[in-house]
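Take a look at the structure below.
Note that these values count all heavy atoms, side chains included, but never hydrogens, waters or copies made by symmetry. First the proteins, then the strands, lettered A, B, ... as listed; each starts at 1. Please read these numbers as outputs of a predicted model, since none were measured by experiment.
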Amino acid sequence: MTDIATVTQQLLAQAGKVVSGKDEVVRLAWVAILSDGHVLLEDLPGVGKTSLAQTLGRLLSLDYQRVQFTSDLLPADVIGAQVYRRDQEAFQFHPGPVFTQLLLADELNRATPKAQSALLEAMEEGQVSSDGVTHALPVPFHVIATQNPQSQAGTYPLPESQLDRFFMRLSLGYPDLDSEKALLSGTRGRALLTELKPVLTADELQSLKADVGTVKVSDAVLSYVMRLVHSSRESGLCRLGLSPRGALALMTAARAMALVEGRRYVMPDDVQRVFPAVAGHRIQGQREHDTTILVKQLLDEVDVIAA
Amino acid sequence: MTQYVPIMRRVMPLSVLWVLLLVQGIMVLPFLFYMPLWLGAVFALVLIWRWRVTHGEMRQAPRSLIILSIMVGIGGLLLSGLRAYNLDSAVALCVLGYLLKSLEVMRRRDGIFQAYLGYFLTGIFLLYNYTPVGALIAIIMVLANTLALHAVTADQTFRWKRGTKLSLALMVAALPIMIAGFLFFPRLPPLWSIPNDERGAQTGMSDQVDPGSIASLAQSTAPAFRVQFDGDTPPRQQWYWRGTTLGEFDGRVWRAQFRDRNRFQWPRGQLPLAVSDADQFDYSVVLEATQQHWLYFLDWPTQIRGQDVYVLPDGRAARRNSLSQTYRYEAQSATSVNWQSEAGLQRYQRLPGQGNEALRQWGLELRQDVGSDAQYIAAILEHIRSEPFRYTLQPPLYPSADSLSDFWFDSRLGFCSHYASAVAYLARVAGIPSRLVGGYLGGTYNQSGDFIQVRQMEAHAWVEVWLNDRWQRVDPTAAVAPGRIDLNLDDWLSEDNPSDLPFGVRFGRNFGMLDGLGFWWDSVQYQWQVTILNYQQSNALGLLEARFGRINPWHAAAFMAAFLAVLGLLMAWFTGLLYLPRRSPEPWASLGRVERRYGARHPGETARDYLARLAYDYPGQREALARLAQLIDTLAYDPQATLDASRRRDLKQRVEACLAQ
């Protein structure tokens, strides 16, 4: 039995060498993976999205593939295609980059909806279909998709229903002063990646995931989650509240967070910690598109303790 | 399934606001029948305002506007003539406040307040209308307010079906409490009350009768009282319902004597009439609110059973307090009684010194022509029968000092009081003691309810003369309009005198089905008054007293207090069981002392966040605060931690460590 708190510490320490100063984001991404979820990284170019994905892949000893989404990308470019093999005189399925354990889908919103949905189906089902044949994806299978919120020209924003399939939406943001200084003064950059030591095997990861479900949730916490969820739907603050799938994700994430913190029970603090990442992309305000404020408002106004 | 208390403190969803407005409409509409109508306009304005606010076309009403509208509203009430401090103005003010409240209803707290105020108004409404219809409206009001309360507090989206079902269920659940309260709650006099002086003009016979007074009653189809006989019902010809006895005559107006009640009281309920061997009738009367004191009886009453009833020597019975709501009493009457010879008969012979000389002269001459007093009276009645006297509800006014002469010789048009007045006067001219009796004649027998309904239009006046050592009834109306005695007024009018009454008064007659419906409705109202409004608590108390001994108000109050306390405890237990997360309150409660010392926790702060914030502000306590946070978190959220005695002690110690300077 691997001690998850120790693993987490190792993971954060190792990842800190590459993406420094982003412990909380790494932790949340780690929580998402423990929860068997996919992550949407929404951020500006050049803040380390790819590095983060690669780091995680390496530390968790996951196969890593990257697909750059462009407007002329076809579904077959992602999931693979039937290729005619002359030597065997038959078509054979040639697996695409999706057949990996950790897939970085870079700039997902630049691809056409058709290509996007090919990926999203794979995320949802854990399998892909090509010419009527179903191919199972490897286990574990995680997607880290990135999108750039700034340049909207020539993009196809993900619809709400598909956003909901991402377990978390994270953003890295600019590094803080110290980290950036270290980054600039350093010379090795990505070369460090190759030096990272995996902190656990894929099998160990799977057993940790199974552990998440055993984390206890008391009535008090459950009712707090219910209040949060209901408030997002009923308070009039949001045009679109948290879906039941979102609520479920919130609960799972809170469990995983408790586990990461070395506890076997969930506290409201865990819920609050994962709430922005889990709920931010699933709710919509009445007017503004930025849900950061909305999420904060919900967290501020919903009483942690039942009256 | 655990349920969760809603915690959102902010605005209510739009749907709930609309429910509140609808409920407000339901509440206010019935009041408009009793309040200045422009309150309805206020509601319309509030409605429009809310509409525009919810569509983003207007801002939420600012405080200044609310204050302004309150002032304008109070001004309006003053202009509507509601000046005095009385029930009407107090209620109008309450309704106004209730209406204006919804200008600022925004948060759930406001909504809850509005619903509670609605319950209060429901109670008030019953002051204005306590008929079965009123009760039905009140039930609808209660349902509506419960619905509103549910809509405001529910943590789910409001749905009509679910809300209605829930309020119905709650009402059904409250029924046992309601019934217990109805049966056992002592009818204590109010501790304070708002004067009620402007409500309900007096109806029924008053203690003075001038010639026109009964005719105005005859225009009203409103019920006067209902009578139910225990055994046999006397024949219709004897349905003389006695109210006031009027012995003083000033030439125009007949007045009651014995105004000083205290001097002339007979012992409790005992009338000065001995029962002869004639038929006796037991009956109960449910008298509508008259705002007067008189009770009505079948002539002649021999016994009265009712609370606070006193009896006067001239055959009147009255209640100590004026009848501001329906009142039920039981009585016994006999068609003929033995009169004790009465002292002070000369008071019934007194005549005014002047006026009506011609009539007096006429009477004296007639008396000389006949052999006895009895023949004299008979001759008078014969005169009415043979001469062209006419009975009408719209007689001319007789304004002069010789009004009786004018009536008797010139116009000969009159109503019962004219005839009675003239005959009683003539009797006195001849030295025969006489007096006027005011009351009702006739009534309508209601088959389905087995009672007699007497309406205001059946008001009547007749004469009693002292002949052969007894008071004898003389009804001159029988001489001029015999049908009036045998039929009820309606039937008589429609047979003989179709054009005499305004059209509306006879509405409902001659329409077979409506008639039946009317009877049915009368019967429902009668049952309502007998069983609900005049519920004889003494019966229920009697049962209790037989068991527990004499019950005084203090006992009753103590009993009710105990009852309510038990009920409250039960409810607290149930709600506590249902609504509160079972384990968290206690660890959290320990935060209360910390909050009182260092300032309150923000709603969104977890215990750890809160204590961490305090630690930032009070670095000296950092250690203690962290220790407390750790324990609270464990106790509140770790399913394995139980709050046993040692933990509790630990918790208390850690709290005190935080508070130590």
**OP:** Enter the distance from B:Tyr637:OH to A:Asp270:CG here, rounded to the nearest 0.5 Å.
**Re:** 10.5 Å
Original post:
With a 4.5 angstrom heavy-atom cut-off, which part of A:Val266 approaches chain B: side chain, backbone, both or neither?
Top reply: backbone
Original post:
Which residues satisfy the side chain to side chain donor-acceptor pair (under 3.5 Å) test with B:Arg608, sequence neighbours excluded?
Top reply: B:Asp633
Original post:
Is any side-chain heavy atom of B:Thr634 closer than 4.5 Å to a side-chain heavy atom of A:Tyr265?
Top reply: yes
Original post:
Is A:Lys216 close to B:Pro639 at the side-chain level, that is, under 4.5 Å between some pair of heavy atoms?
Top reply: yes
Original post:
Are any non-hydrogen side-chain atoms of A:Asp303 and B:Arg601 less than 4.5 angstrom apart?
Top reply: yes
Original post:
Is it the case that more than 12 heavy atoms not belonging to B:Glu623 sit under 6.0 Å from its CD atom?
Top reply: no
**OP:** Enter the distance from B:Glu605:CD to A:Asp269:CG here, rounded to the nearest 0.5 Å.
**Re:** 10.5 Å
Original post:
Taking everything shown except B:Arg627 itself, do over 12 heavy atoms lie less than 6.0 Å from its CZ?
Top reply: no
Original post:
With a 4.5 Å heavy-atom cut-off, do A:Arg264 and B:Asp638 have their side chains touching?
Top reply: no
Original post:
Under a 4.5 Å cut-off applied to non-hydrogen side-chain atoms, are A:Gln272 and B:Thr606 in contact?
Top reply: yes
Original post:
Would the number of heavy atoms belonging to other residues, nucleotides or ligands and lying under 6.0 Å from CD of A:Gln206 be above 12?
Top reply: yes
**OP:** List for me each residue that meets side chain to side chain donor-acceptor pair (under 3.5 Å) alongside A:Arg282, sequence neighbours excluded, and say none if there are none.
**Re:** A:Asp164
Subject >> Minimal non-hydrogen separation, B:Ala636 against A:Ala220, with atom names >> reply: O-CB, 4.4 Å
